Amino acid sequence: MDLSYEPLNLTLHDPFTIARGTQHIAETVQVMLTHEGITGRGEAAPYEHYGELPATVIAFLDALKPVLAREEQSIPISTLHTLMEDVARLNPAAKASIDIAAYDLLGKWLGAPIYQLLGLDPSDAPRTSFTIGIDTPEKMARKADEATQYPILKVKVGTPSDRENLLAVRQTRPDATIRVDANAAWTAKEAVARIQELTEFDLELVEQPVGDDDLEGLDYVRRSVSLPIIADESCVVPADVPRVAPYVDGINIKLMKCGGIYPAIQMIHLARGHHLSVMMGCMIESSVAITAAAHLSPLLDYADLDGHLLVEDDPFRGVRVDAGRLVLPDGPGLGLQIE
Ligand code: MG
């Protein structure tokens with residue numbers, strides 16, 4: 001199997017701010033995996049919070065390339081993950097890029113879209129939220145107004161002006177479903193106070209109110225407020241699912257945290273076994289990685305697959321979003337087209 005890759009920086013429509021900081025561009029690595037004349041595409045969107053940079057993705061792929069070059073026959077995706085684990089532990093975005101390319105390749109090989117390979121009905125997909133980053137109340141209201149085609153908004157919180165921000169968004173969009181994401185900004189006591197202040201805005205759920213490792217805090221918040229609590233930063237890989245399950249109502253799975261479609265499917269089934277609801281989210285990514293996640297969306301309760309909508313120069317076309325509904329392409333593999 002032949003592997004090639006190159007960095008690609010995506011330009012955002014506007015700077016994107018969450019409790020942890022502001023992002024102006026999205027640094028990705030685009031991957032092509034070729035076997036017997038068929039090429040699958042993948043993408044890594046490394047996120048420093050999980051220990052990755054474009055340079056670490058490239059270093060991982062440099063080490064994997066000769067390993068894959070020795071594989072003359074096609075190999076199962078499970079074997080591919082074993083080979084990647086032997087090259088290095090962790091590196092989830094790098095592994096996700098290969099996993100995504102392998103599923104695209106497999107789908108093209110068999111002439112079927114990925115959702116069909118997985119036995120899923122694309123009409124079961126939930127609507128995706130559209131994310132409003134942290135800004136002034138006026139700008140957040142303007143963003144909410146521009147996003148009227150999306151019935152579900154995810155509003156980033158974790159600042160002293162959350163109340164004003166939510167008020168502005170709710171006044172602009174009285175009928176929208178609004179979920180909030182604090183990106184680990186609060187202590188448990190703060191979280192309870194802040195969430196209680198925000199309940200008048202009729203929220204759907206709260207994502208990651210406390211720090212990544214603060215399971216006690218998640219438990220305390222969940223017992224103190226009536227809204228569902230979803231773990232994102234606290235639930236990264238399959239082994240985290242049983243660990244966080246007693247303390248939350250659901251988990252947010254991302255291909256770039258867990259290492260691709262294969263481990264994401266494991267996480268979804270583990271979550272179901274622990275009676276957790278399941279969200280899939282994303283980093284800021286092109287249509288390659290977003291479309292890969294969207295192929296799993298029929299398995300989800302909540303989708304937050306809007307990363308490509310924040311990008312100005314996405315070179316690909318894949319999943320479309322129509323009034324929040326994820327419309328999967330029916331071409332083989334990911335079903336991508338180059339713009
Ligand atoms: Mg989140």
Side-chain angles (χ1 to χ4, degrees), residues 12 16-23 26 45-52 92-93 96 126-135 140 143 147 150 152-159 162 165-166 169 177-188 190-191 194-195 198 203-215 217-218 221-222 225 227-237 240-241 244 247-259 264 267-268 271 276-285 289-290 293-294 296-297 300-310:
L12 275 55
F16 180 68
T17 300
I18 66 169
R20 247 192 311 277
T22 299
Q23 199 174 348
Y47 196 55
E48 211 175 340
H49 190 69
Y50 299 110
E52 287 183 284
R127 288 174 195 263
T128 180
S129 52
F130 181 82
T131 305
I132 312 276
I134 294 167
D135 211 318
M140 289 175 72
K143 282 271 155 62
Y150 306 108
I152 308 171
L153 299 176
K154 181 193 270 193
V155 179
K156 294 292 189 176
V157 294
T159 73
D162 290 339
N165 293 347
L166 257 300
V169 172
T177 296
I178 299 182
R179 50 185 77 149
V180 296
D181 185 358
N183 288 106
W186 297 318
T187 64
E190 269 173 353
R194 296 291 89 78
I195 293 165
L198 300 178
L203 304 179
E204 179 193 33
L205 57 84
V206 179
E207 210 177 297
Q208 197 67 39
V210 299
D212 303 19
D213 299 323
D214 189 4
L215 297 188
L218 282 173
V221 174
R222 181 163 172 252
V225 304
L227 290 172
I229 304 296
I230 307 292
D232 178 356
E233 285 86 340
S234 296
C235 189
V236 178
V237 294
D240 291 326
V241 179
V244 303
Y247 312 115
V248 296
D249 299 289
I251 60 167
N252 183 353
I253 300 168
K254 294 177 183 165
L255 299 181
M256 298 301 150
K257 291 193 299 184
C258 71
M267 290 182 82
I268 292 170
L276 296 173
S277 61
V278 180
M279 176 188 288
M280 267 189 91
C282 57
M283 305 303 175
I284 299 177
E285 301 161 358
I290 298 290
L296 296 180
S297 61
L300 308 178
D301 302 299
Y302 309 108
D304 178 30
L305 298 174
D306 66 340
H308 61 317
L309 304 174
L310 309 179

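Whatever order the structure lists ligands and atoms in, that order sets their numbers, starting from 1. None of the values given here were measured: they were computed from a predicted structure. The first residue in the sequence is number 1, and the count goes up from there.
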Which of Asp306, Thr131, Asp304 passes side chain to side chain donor-acceptor pair (under 3.5 Å) with Lys154? It is Asp304
Is the shortest distance from a Lys or Arg side-chain nitrogen in Arg20 or Glu233 to a carboxylate oxygen in the other one below 4.0 Å?
-> yes
Answer key: the N, O or S atom of Glu207 nearest to the Mg ion (ligand 1) is OE2
Discussion item. Using a 3.5 Å distance criterion without hydrogens, assess whether the side chain of Ser277 forms a donor-acceptor pair with backbone atoms of Asp249.
Written reply: yes
The N/O/S atom of Asp232 lying closest to the Mg ion (ligand 1) is OD2
- Item | Under 3.5 Å donor-acceptor, Lys257 side chain and Asp232 backbone | yes
Among the N/O/S atoms of Asp181, the Mg ion (ligand 1) lies closest to OD2
